[in-house]
Protein chains: 2
Amino acid sequence: MNRKITLKQIAKELDVSISTVSKALKDSPEISDDTKQKIQAFAKLYNYKPNNIALSLKNRKTNTIGIIIPEIVHHFFSKVIRGVELVANQRGYNVIIGLSNESFSKEVINMEMLANGSIDGFIISISKETQQLQDYHHLTATINQGMPIVMFDRVVSEIECDKVIVNDFNGAKNAVEKLIENGCKSIALITTKDYVSVGKLRTQGYIDALSEHNLTLESNLMLKMDDTLDYEEHLDLLESEITQLFKSNQKIDGVFAVNELYALSAMKVARKLGLSVPEDLQVIGFTDGVLSKHATPGLTTVSQHAQQMGEKAAHLLIDKLESENTDQEEEYQTVVITTDLVERESTK
Amino acid sequence: MNRKITLKQIAKELDVSISTVSKALKDSPEISDDTKQKIQAFAKLYNYKPNNIALSLKNRKTNTIGIIIPEIVHHFFSKVIRGVELVANQRGYNVIIGLSNESFSKEVINMEMLANGSIDGFIISISKETQQLQDYHHLTATINQGMPIVMFDRVVSEIECDKVIVNDFNGAKNAVEKLIENGCKSIALITTKDYVSVGKLRTQGYIDALSEHNLTLESNLMLKMDDTLDYEEHLDLLESEITQLFKSNQKIDGVFAVNELYALSAMKVARKLGLSVPEDLQVIGFTDGVLSKHATPGLTTVSQHAQQMGEKAAHLLIDKLESENTDQEEEYQTVVITTDLVERESTK
DNA sequence: TTTTAACACGAAAACGTTTTCGTGACATAT
DNA sequence: ATATGTCACGAAAACGTTTTCGTGTTAAAA
């Protein structure tokens with residue numbers, strides 16, 4: 001077992017000082033060519049690599065960014081991570097993940113665990129519970145310590161930091177308008193309770209689209225699900241509620257759902273009730289998921305470009321980290337990623 | 001901006017030595033109660049938390065584990081990560097991720113980047129390219145440095161380390177036997193080329209099941225896809241090959257696919273060809289994914305218990321890390337996670 | 001021959017901890 | 001009055017780097 005070699009060991013072995021070794025390995029002009037050659041050869045032979053931890057301590061910079069997300073088994077979030085990791089790697093950073101599991105306390109603990117020197121900055125999408133409690137002290141505390149944060153997707157306007165969001169409002173509005181163009185007269189909405197920021201915005205997009213096209217807004221066409229539970233867990237409840245919705249509003253000919261699973265459930269229920277998609281009922285979802293692509297019929301969705309969000313968030317964070325020396329007036333930007341409507345078979 | 005406070009600053013502020021502060025915060029009996037109270041109060045006020053990097057350097061232990069996977073936008077791998085993160089957090093560890101993106105060189109670079117002190121040990125599932133090249137020097141080098149590795153899913157027998165695998169052979173065999181029990185007489189296999197270890201094992205399970213039940217093995221019923229490309233990318237090719245398979249073997253009444261997408265494609269093609277599932281054709285896939293659950297009809301699959309694999313891998317690694325002091329003879333174990341057949345609507 | 005400058009290297013501090021060991025002050029025992 | 005012991009704390013080393021500054025040696029310039 002050849003444990004990693006250190007400068008000190010090389011120095012001892014070659015009978016020079018640690019400083020000399022360090023300089024030689026950096027090709028410093030201070031060191032004679034002879035000595036450099038000798039040291040570099042030795043270092044190569046023993047596969048010397050500087051210890052990251054020591055470097056981090058010395059430089060007060062870990063070159064690691066932390067990403068805190070509510071859930072990883074989720075197409076959207078894993079795509080964001082992929083984007084973050086991609087950019088981080090390109091720019092010489094590592095990525096450390098923390099899962100809040102939609103819990104406020106786990107989010108706080110995770111952040112505190114990482115904020116003590118392990119990372120240089122955060123990329124975070126806050127948990128539903130945090131959104132509900134509206135307690136953001138962990139975020140402000142972190143920012144106050146001089147550690148930059150980039151929020152994405154689920155952001156909160158009170159917090160001053162860089163943000164990457166999707167144009168939820170417009171994406172939803174466009175989707176609903178598409179349904180209207182396609183001839184839908186009675187469009188249902190399946191959404192979450194209002195405390196989920198993105199759900200709220202998408203709902204607003206639905207409302208605006210209807211009103212702009214002079215369609216009356218009927219509250220019994222709007223199904224607001226309690227999103228505290230995990231999707232999968234309340235699938236049965238979801239389906240029965242949708243069944244109820246369809247049965248009591250037979251004229252429904254279009255559905256806009258704020259996420260993939262809601263849309264899929266709508267299609268499933270429709271099939272059960274003998275409605276064919278898209279002939280009798282057109283459905284549009286909101287997501288970046290695989291389910292939409294492989295569903296039958298393929299689900300038309302508003303694509304969020306999750307990976308792009310991750311990439312952008314990583315760039316913003318690293319830019320901030322690397323400009324930090326220049327103590328200019330802090331300026332935060334909010335980048336809006338535009339959505340696309342991916343048309344598949346669930347719309348005409 | 002209140003930058004994090006250090007022991008040194010507290011010491012200076014309270015006019016005591018650094019050692020005294022450190023001891024006081026650890027409630028050492030060496031320090032008088034008066035002094036302790038004073039220091040602890042001050043530390044609490046300024047929210048002192050020890051710097052992780054400094055601790056890591058001092059203890060030569062980072063309490064961080066690295067996980068290297070080929071891809072994160074993948075239900076199986078993200079579930080594994082969830083399992084790893086869960087256990088790691090419980091046991092006081094952080095998780096840092098590296099994506100190889102199925103590339104050998106990215107896998108090597110990622111590992112080298114982390115092996116220089118950033119982490120205490122690895123959990124890894126190697127890339128397809130690594131499997132093809134059969135070049136494992138980065139793994140052996142890491143192990144030689146005294147850094148423990150736990151391999152999961154895609155393991156290689158030549159490397160001596162702890163492993164967590166799924167019983168691919170048995171899982172596949174059981175699946176095929178299920179098809180046989182259900183009356184299938186002509187069962188097709190959709191698999192990958194043999195260098196993918198798990199694909200090979202699952203193929204073997206298929207072969208064994210057939211032979212044990214006296215069904216003749218027909219090579220033209222076995223479709224071996226080139227798995228170098230990303231699934232999504234060669235979807236068209238996949239579908240045309242499957243179409244070919246079905247057209248030239250009209251007697252096929254069962255399909256066993258070694259992953260989710262292959263199985264779904266089989267169902268899709270079947271539908272196009274006017275075959276109804278499960279009446280004319282029964283299909284079983286292999287995976288832990290969401291697609292199977294939400295497909296129509298629901299896909300019967302061999303479940304891999306990905307999260308459990310992640311949990312087990314994390315436990316194995318941390319156990320090894322925390323017993324490392326006792327320099328007993330190295331003993332490695334291979335944990336086999338048993339698969340379950342999840343029956344849905346694609347089988348009778 | 002003396003001064004100056006270039007050269008090649010080493011000592012030491014610093015990053016933030018923990019921990020071992022040493023020591024001065026005081027109280028108790030002889 | 002001296003020896004012994006306890007108490008409460010500080011100095012310093014160590015983890016592995018980088019970097020500034022100092023210094024001894026040699027060669028060139030005066």
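Letters A, B, ... mirror the listed sequences (proteins, then strands); counts begin at 1.
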[N] phosphate, OP1 or OP2, under 4.0 Å from [X] side-chain N/O:
X        : N       : answer
Thr35(B) : dC9(D)  : yes
Arg60(A) : dG16(C) : yes
Lys8(B)  : dC15(C) : yes
Thr6(B)  : dC15(C) : no
Ser32(B) : dA8(D)  : no

Quiz item: [X] side-chain donor-acceptor pair to [N] base, under 3.5 Å:
X        : N       : result
Lys23(B) : dG10(D) : yes
Ser17(B) : dA11(D) : no
Lys26(A) : dT17(D) : no

Quiz item: Between Lys312(B) and Val336(B), is there a donor-acceptor pair closer than 3.5 Å when you use the side chain of the first and the backbone of the second?
Solution: no

Exercise. Check whether any side-chain N or O of Asn110(B) sits under 3.5 Å from a backbone N or O of Leu99(B) as a donor-acceptor pair, and report yes or no.
Key: yes

Calculate the interatomic distance between [X] atom [atom1] and [N] atom [atom2]; express it in whole Å.
X        : N       : atom1 : atom2 : answer
Ile10(B) : dG10(D) : CD1   : P     : 14 Å
Ile31(B) : dG10(D) : CD1   : P     : 7 Å
Leu25(B) : dC9(D)  : CG    : P     : 13 Å
Asp27(B) : dA8(D)  : CG    : C1'   : 15 Å
Leu14(B) : dC9(D)  : CG    : P     : 12 Å
Lys49(A) : dT17(D) : NZ    : P     : 12 Å
Lys38(A) : dA8(C)  : NZ    : P     : 14 Å
Leu55(B) : dG16(D) : CG    : P     : 15 Å

Quiz prompt | Separation between CD of Gln333(A) and CD of Glu331(A), rounded to the nearest 0.5 Å | solution = 8.5 Å

Practice problem: Could you tell me the separation between the NZ atom of Lys320(B) and the OH atom of Tyr332(B), rounded to the nearest 0.5 Å? | Solution: 5.5 Å

Self-check item: Distance-minimising heavy-atom pair for Ser127(B) and Pro70(B)
Solution: CA-CG, 4.3 Å

Counting any heavy atom closer than 4.0 Å, what does [X] reach on the DNA or RNA strands: base, sugar-phosphate only, or nothing?
X        : answer
Leu7(A)  : base
Ser56(A) : nothing
Ser19(A) : base

Quiz item: Where the side chain of Leu57(A) is concerned, which of dT18(C), dC15(C), dC21(D) is the nearest nucleotide?
Solution: dC15(C)

Quiz item: To the side chain of Lys58(B), which of dG10(C), dT17(D), dT17(C) is closest?
Solution: dT17(C)

